[in-house]
Amino acid sequence: MPLLLWMGLLFLPLLANPIQEIQALYGRVRPPSLHAFLINLSPQRQQILQLAQSVAIPILKQFKASTPKEHAMLEAMHLFSTLALLELIQESMPDDPKIPQFSKTTKQIALDFSQINTFFYAPLLQLQQHGINPFAYIGFIHHYTNTHACWTPDCLNMDEIWQDTDSLEVGVYNDTPHKSPALAHLFRDLDMGLSAYGILNRLMGLGNECPTTLIVDFAQALGNPKLVPLLYQLLDYHYFQSIHLARIGGAYLETLAQLKSAPSQIKSTPEVCLYPSYLDSQFLNLCLKSYQNPSKALILRMQKKLKEERLITLDHIPCLYHNPPQQIQIFKSKNALCLALQKRLNKGF
């Protein structure tokens, strides 16, 4: 079990206590939507908001902020998760007022919340642990997705990408009676990624007719309009995470259906090799062969990725980083795929 997930499970009793109280209060108010809850004054609203902000998020306590700007982003990360928690509770509330029970228990919501936070923040924590400023990288990805063509959910057809990946997952799951640990890991992450994607869409207001997004509603309810741009930066970063996972997962699952196509799949989507924990040994060997003897197209594609996104990681562990002063930072690694990339970089990669 990954360390961060284990830590999340360890803290579940601490998470569950305030969540249980929030559920009870929320059940009394019974707002038709989270939007309605956030914009309507009620005696319980402030109490629920305060309780939601008090819920512990262990992974965020591991981040270190130095400047006022970094402290503001770290606080925004906490509040972004607070809003996600409220959305999880809203989604579990029954539509029929005659049904008193939530569709999920307090412990289930606490577990979902812990896993969502791990999905959101574990990659950023890896950056900090390797000397890369995670707060600056959030801002960079926000800028990148807003200045490069077609990085909005609608333009990217994110719904379609996730639907295709989900269908592939069902097909592979049904056709593979004995799941390898790597494949089981991919299934777990895809399920969590899809859940996170649904939350992001609802926070963005996609699929409803509300005049504002939940992010704006939340900041106004807290009386902190300066929070809005920081929450939008996080939203863009998490969408960026989500679409990468859907594309990589979909590409690999498509290959599993026809292993003979694996070399051409690696050639067209070499990024699939950047998640070795998802891959079986046969596919890993093909990845290593392709990276150690790369085609010109593969080199150009990975060079473009490094230039545009600044970062190449393997299972979220930094391998190469394009520093703002335009210098390439190479990280110590024992991973053969990472070493192959670094070797090609030194040859003008």
Which heavy atom of [X] sits nearest to which heavy atom of [Y], and what is that distance?
X: His78; Y: Gln53; result: NE2-O, 2.9 Å
X: Ser242; Y: Tyr197; result: OG-CB, 3.5 Å
X: Asp315; Y: Pro276; result: OD2-CG, 3.3 Å
X: Leu288; Y: Ala336; result: CD1-CB, 3.6 Å
X: Tyr137; Y: Leu311; result: OH-CB, 3.6 Å
X: Ala122; Y: Ile59; result: N-CD1, 3.6 Å

Let me see the working for Leu49 and Leu86 under side chain to side chain contact (heavy atoms under 4.5 Å, CB included), right down to the final yes or no.
CA-CA 9 Å; Leu49 288 175; Leu86 292 173; 3.9 Å; yes
His316: partners by ring pair (Phe, Tyr, Trp, His ring centres under 6.0 Å), with sequence neighbours left out:
Tyr275
Using a 4.5 Å cut-off on heavy atoms from C-beta on, say whether the side chain of [Y] contacts that of [X].
X: Gln115; Y: Ser195; value: no
X: Ile141; Y: Arg310; value: no
X: Cys273; Y: Ile266; value: yes
X: Ser333; Y: Cys319; value: no
X: Leu274; Y: Ile248; value: no
X: Pro318; Y: Leu127; value: yes
X: Val216; Y: Leu231; value: no
X: Phe331; Y: Leu320; value: no

Heavy atoms from other residues, nucleotides or ligands near NE2 of His143 exceed 12 (cutoff 6.0 Å)
no
Is it the case that more than 12 heavy atoms not belonging to Lys305 sit under 6.0 Å from its NZ atom?
yes
If Ile, Leu, Val, Met, Phe, Trp and Tyr residues are connected whenever their side-chain heavy atoms lie under 4.5 Å apart, and connections chain through other members, are [X] and [Y] in the same group?
X: Ile19; Y: Leu60; value: yes
X: Ile317; Y: Leu245; value: no
X: Ile39; Y: Phe218; value: no
X: Leu339; Y: Ile312; value: no

Interatomic spacing from [atom1] in [X] to [atom2] in [Y] - rounded to 0.5 Å:
X: Ser103; Y: Gln108; atom1: OG; atom2: CD; answer: 8.0 Å
X: Met204; Y: Ile215; atom1: CE; atom2: CD1; answer: 7.0 Å
X: Cys287; Y: Leu337; atom1: SG; atom2: CG; answer: 6.0 Å
X: Lys64; Y: Gln129; atom1: NZ; atom2: CD; answer: 9.5 Å
X: Leu222; Y: Leu79; atom1: CG; atom2: CG; answer: 6.0 Å
X: Gln62; Y: Leu124; atom1: CD; atom2: CG; answer: 12.5 Å

Is there a ring pair (Phe, Tyr, Trp, His ring centres under 6.0 Å) between Tyr252 and Tyr278 once you walk through the steps?
CA-CA 9 Å; Tyr252 182 54; Tyr278 296 154; 8.0 Å; no
Electrostatic pair Arg202-Glu91, nearest N-O below 4.0 angstrom
yes
Counting distance only, does the side-chain N/O of [X] pair as donor-acceptor with the main-chain N or O of [Y] below 3.5 Å?
X: Ser114; Y: Leu111; result: no
X: Thr269; Y: Val272; result: no
X: His322; Y: Ile328; result: no
X: Gln128; Y: Phe135; result: no

Any side-chain donor-acceptor pair under 3.5 Å between [X] and [Y]?
X: Thr106; Y: Gln23; value: yes
X: Tyr321; Y: Gln327; value: no
X: Tyr239; Y: Asn201; value: yes
X: Asn117; Y: Ser81; value: yes

For a side chain to side chain contact (heavy atoms under 4.5 Å, CB included) check, start with the C-alpha distance between Thr213 and Val228, then their side-chain angles and the critical distance, and finish with the verdict.
CA-CA 10 Å; Thr213 68; Val228 172; over 6 Å; no
Look at the aromatic rings of Phe80 and His238 and report parallel, tilted or perpendicular, splitting at 30° and 60°.
tilted
Go through the steps for Arg301 and Glu271 under the test salt bridge (charged side-chain N to carboxylate O under 4.0 Å, His left out), then give the verdict.
CA-CA 9 Å; Arg301 185 179 179 105; Glu271 295 88 348; 2.8 Å; yes
Could you go through Gln90 and Tyr26, starting from their C-alpha distance and side-chain angles, then the distance that decides it, and tell me whether this counts as side-chain hydrogen bond (donor to acceptor under 3.5 Å, both in side chains)?
CA-CA 8 Å; Gln90 172 67 42; Tyr26 210 86; 2.4 Å; yes
Between side-chain atoms of residues 290-300 and protein atoms elsewhere (two or more places apart, or another chain), which donor-acceptor pairs fall under 3.5 Å?
residue : atom : partner : partner atom : Å
Ser290  : OG   : Leu286  : O            : 3.0
Tyr291  : OH   : Pro270  : O            : 2.6
Ser295  : OG   : Leu298  : N            : 3.1

Run the side chain to side chain contact (heavy atoms under 4.5 Å, CB included) test on Met73 and Ile138 for me, step by step, so that the C-alpha distance in whole Å, both residues' side-chain angles and the decisive distance to 0.1 Å come before the verdict.
CA-CA 9 Å; Met73 179 55 79; Ile138 292 169; 4.1 Å; yes
Ring of Phe37, cation from Arg45 - is the NZ or CZ under 6.0 Å from the centre and inside 45° of the axis?
no
Gln233 and Tyr237: CA distance, side-chain angles, deciding distance, side chain to side chain contact (heavy atoms under 4.5 Å, CB included) verdict:
CA-CA 6 Å; Gln233 285 186 41; Tyr237 172 77; over 6 Å; no
